[in-house]
Amino acid sequence: MIERDFGFDIVSPTNGKYPLMRAGIIHTPHGDIRTPNFNVVGTHGQVKFLPPADMHSIGAQVMLSNGYHLFRRATVISASGGLAKWSDWNGPTFTDSGGFQVMSLGSGLGKVISVDLADADDESKLREPDERLAQVDDEGVLFRDPYSSRIIKFTPELSIETQHKIGADVMMSFDELTNISDSYDYNVRALERTRRWAERGLREHIRQTELRKNRPYQALYGVLQGSYYLDLRAKAARDISEMNINGWDFDGFGLGGVLAKDNLADILTTMCEILPVNKPRHLLGLSHPDDIFVGVETGSDTFDCVAPTREARHGRIYTMDGNFNLKKSEFKDDERVLDAECDCPTCRAGHSRAELRALLKSSELSDHAMAYNLLTIHNVRFIVRLCEQIRQAIIDGYYDEYKQAFWQRYYK
RNA sequence: GCUGGGGUAGUGAAGUGGUUAAACACGGCAGACUGUAAAUCUGCUCCCUCUGGGUUCGGGGGUUCGAAUCCCUCCCCCAGCA
């Protein structure tokens, strides 16, 4: 049996009001991750407009990339010593499996991801099968690149093999994320498929781990689906946490496809009550403050989301008093920094809203790049700091007070 | 002064006798964004009492059933020649 250079320690006292909530430390070959933590998304192996030095300067702990997007470069990354070294981030890394793309390039193509239960069970909202860039069957997913027309058949085995080549500290099992409009019956079938894919992925993981004995151990998280159906969520939690092949099981869990905002707490509670306490859980794809609070309270340890980086580029700025759109004309002559209390390098350097707005709206590409960098630093720092403060509040026992104070200002 | 080209939304422009002029692009204003087909996407952008109605193609006049479009004249811009 191979030594697993991966572990999770809970460092917070138990909390009666939130029995599932915890602060902890995830140990990886590239360093410890203090949780709760926001993992910054760098799909293609680097965070857009946030180079490694900036990542470090704002206290980011993890970069999360994607095995699907890095598929063609996996061999090069492997030869360069793995994702952490290749990207020059040199810290802990996660990779996603490509499972999200089953939905984003498939049934939900071209649409904003719906989190509205009004769209639930309404199959008319689904993309027509022949228009999709991702076609699912039991074997795997056929991805079509719209630019090159290249076709890749992604299977659980290929996803895991690719993620092993990329060499992130934590990998995700290949799952099928369903659309909120998919029917219950479809979700039953998709969940069973995801369960079989998890098992195939775990087998491949064992094989790859033994093949790459000289490399640092890469943890594999099993991903749970089930849409907003609590019975399916419970089944997923049992199936994935009980999965065991020759003594091998999952090192942690990815909570996937949690799109229904109205139902978030119930979905997460249902899963985390069943999952073993001593393994870390990653809540896939969410980062709005209210989602993080709910996630933390119901037992999630790490988070990731494209929103802080994408919204920064689009001029949506996070502050303690809520968000604002920097592109609005009212900020044209606003000499204040983005957020008076912010400790990010952008705010500390005194960049004003007026200046940043001008850069963002400039016709010069180099000005855009400057604005994107400064704004991404700010937004990501906001979410990273939120997680740091939540962690401290959990450990020191004032979580509820912290949450109330934050909530009253942010959602006033 | 002469010759030629041209004046159409904030800007650049399509339209060159006949469906309701203003397509398209940029700019402007607002919105969206949750495991990144995203430095993206959507809407609005002449005026009004706005589910409708009205005014406009540099100014004036003319030809015609009908003119941004043809003619005359004036003004302005650009190029060349004096």
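In what follows, every chain begins at residue 1, and chains take the letters A, B, ... in the order their sequences are listed.
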Trainee: Base, sugar-phosphate, or nothing: which does A:Leu283 touch, judged by heavy atoms less than 4.0 Å apart?
Mentor: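 Nothing, no heavy atom under 4.0 Å.
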Trainee: A:Asp291 near the nucleic acid: base, sugar-phosphate alone, or nothing, with a heavy-atom cut-off under 4.0 Å?
Mentor: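 Since a base atom lies under 4.0 Å of A:Asp291, the category is base.
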Trainee: Any base atoms under 4.0 Å from A:His69, or only sugar-phosphate, or nothing? Heavy atoms, all strands.
Mentor: sugar-phosphate
Trainee: When both hydrogen-bonding distances must be under 3.5 Å and the geometry is Watson-Crick or G-U wobble, what is B:rG4 paired with, if anything?
Mentor: B:rC78
Trainee: Which value, in whole Å, describes the distance between the P atoms of nucleotides B:rU8 and B:rA14?
Mentor: 11 Å
Trainee: Tell me, which pairs form a side chain to side chain donor-acceptor pair (under 3.5 Å) where one or both residues lie in residues 280-290 of chain A, sequence neighbours left out?
Mentor: A:Lys261-A:Asp290, A:His282-A:Thr302, A:His282-A:Asp304, A:Asp290-A:Tyr411
Trainee: Could you tell me whether A:Arg348 and A:Asp343 have a side-chain N and a carboxylate O separated by less than 4.0 Å?
Mentor: no
Trainee: When both hydrogen-bonding distances must be under 3.5 Å and the geometry is Watson-Crick or G-U wobble, what is B:rU40 paired with, if anything?
Mentor: B:rA32
Trainee: Base, sugar-phosphate or nothing for A:Leu133? Non-hydrogen atoms, less than 4.0 Å.
Mentor: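 Base contact - A:Leu133 has a heavy atom under 4.0 Å of at least one base atom.
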Trainee: Taking B:rG10 as the reference, what is the distance to B:rG59 when you measure between their P atoms (whole Å, please)?
Mentor: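 Straight-line distance between the two P atoms is 14 Å.
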Trainee: Could A:Glu199 and A:Arg195 be called an ion pair, given the rule that one side-chain N must be under 4.0 Å from one carboxylate O?
Mentor: yes
Trainee: Return yes if a side-chain donor-acceptor contact under 3.5 Å exists between A:Thr95 and A:Gln163, otherwise no.
Mentor: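 Side-chain D/A pair, A:Thr95 to A:Gln163: present.
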Trainee: Taking atom types as modelled, find out whether A:Thr162 and A:Arg72 have a side-chain donor-acceptor pair closer than 3.5 angstrom.
Mentor: no
Trainee: For A:Asp145, answer base if it contacts any base atom (sugar-phosphate contacts may also be present), sugar-phosphate if it contacts only those atoms, and nothing otherwise; contact means non-hydrogen atoms under 4.0 Å.
Mentor: nothing
Trainee: When all nucleic acid strands are considered with a 4.0 Å heavy-atom cut-off, which category describes A:Lys361: base, sugar-phosphate, or nothing?
Mentor: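 Result for A:Lys361 = sugar-phosphate.
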Trainee: Using a 6.0 Å distance limit plus a 45 degree cone around the ring axis, check whether A:Arg353 lies over the aromatic ring of A:Phe324.
Mentor: yes
Trainee: Tell me what A:Phe49 touches on the nucleic acid: a base, only sugar-phosphate, or nothing, going by heavy atoms under 4.0 Å.
Mentor: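 Base contact - A:Phe49 has a heavy atom under 4.0 Å of at least one base atom.
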Trainee: How is A:Lys328 classified with respect to the nucleic acid when contacts are heavy atoms under 4.0 Å: base, sugar-phosphate, or nothing?
Mentor: sugar-phosphate
Trainee: On RNA chain B, does the nearest nucleotide to A:Gly315 precede the nearest nucleotide to A:Tyr372 from the 5' side, or the other way round? Give the residue.
Mentor: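 In this pair, the answer is A:Gly315.
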Trainee: Applying a 4.0 Å non-hydrogen cut-off, can you work out what A:Arg127 is touching in the nucleic acid: base, sugar-phosphate, or nothing?
Mentor: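 Contact class for A:Arg127: none.
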Trainee: Name the nucleic acid region contacted by A:Ser363, choosing base, sugar-phosphate or nothing; use a 4.0 angstrom heavy-atom cut-off, strictly under.
Mentor: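 If one applies the 4.0 Å heavy-atom cut-off, A:Ser363 turns out to touch nothing in the nucleic acid.
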Trainee: Take atom P in B:rG58 and the same atom in B:rA13, then report the distance between them in whole Å.
Mentor: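 That atom pair is separated by 14 Å.
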Trainee: I want to confirm an ordering. Mapping A:Ala369 and A:Ser65 to their closest nucleotides on RNA chain B, which one lands closer to the 5' end?
Mentor: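 On the 5' side of the pair lies A:Ser65.
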Trainee: Taking the P atom in each of B:rA23 and B:rU11, what is the distance between them to the nearest angstrom?
Mentor: 15 Å
Trainee: Kindly state each residue pair satisfying side chain to side chain donor-acceptor pair (under 3.5 Å) with at least one member in residues 262-275 of chain A, sequence neighbours excluded.
Mentor: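 Residue pairs with at least one partner in residues 262-275 of chain A: there are none.
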Trainee: Using the P atom as the point on both nucleotides, what is the distance between B:rC77 and B:rC72, in whole Å?
Mentor: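 Rounded to whole Å, the distance is 22 Å.
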Trainee: Which part of the nucleic acid, if any, lies within reach of A:Thr43 when heavy atoms closer than 4.0 Å are counted: base, sugar-phosphate only, or nothing?
Mentor: base
Trainee: Looking only at atom P, what distance separates B:rG28 and B:rC46, rounded to whole Å?
Mentor: 16 Å
Trainee: Indicate, with a heavy-atom threshold strictly under 4.0 Å, whether A:Asp304 touches base, sugar-phosphate, or nothing.
Mentor: sugar-phosphate
Trainee: Which nucleotide, if any, forms a Watson-Crick or G-U wobble pair with B:rA68, using both distances under 3.5 Å?
Mentor: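 WC or wobble partner does not exist here.
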Trainee: What about the rings of A:Phe143 and A:Phe71, do their centers lie closer together than 6.0 Å?
Mentor: no
Trainee: Taking the same atom, C1', in B:rA67 and in B:rG60, what whole-Å distance lies between them?
Mentor: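 So the two C1' atoms sit 15 Å from each other.
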Trainee: What do you reckon, are the aromatic ring centroids of A:Phe250 and A:Tyr221 less than 6.0 Å apart?
Mentor: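 That pair fails the under 6.0 Å test.
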Trainee: Scan every strand shown for a Watson-Crick or G-U wobble partner of B:rG27, both distances under 3.5 Å, and answer none if you come up empty.
Mentor: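 B:rG27 is paired with B:rU45.
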Trainee: Which nucleotide span of RNA chain B, 5' end to 3' end, has atoms closer than 4.0 Å to non-hydrogen atoms of chain A?
Mentor: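 For RNA chain B, the relevant span reads B:rG28 to B:rU40.
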Trainee: Regarding A:Gln225, tell me which of base, sugar-phosphate or nothing describes its non-hydrogen contacts under 4.0 Å with the strands shown.
Mentor: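 Contact class for A:Gln225: base.
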Trainee: Rounding to an integer number of angstrom, what distance separates B:rC44 and B:rC26 when you compare their C1' atoms?
Mentor: 16 Å
Trainee: So what does A:Gly257 hit on the nucleic acid, given a heavy-atom distance under 4.0 Å: a base, only sugar-phosphate, or nothing?
Mentor: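 Base: the residue A:Gly257, judged by heavy atoms under 4.0 Å, touches a nucleobase.
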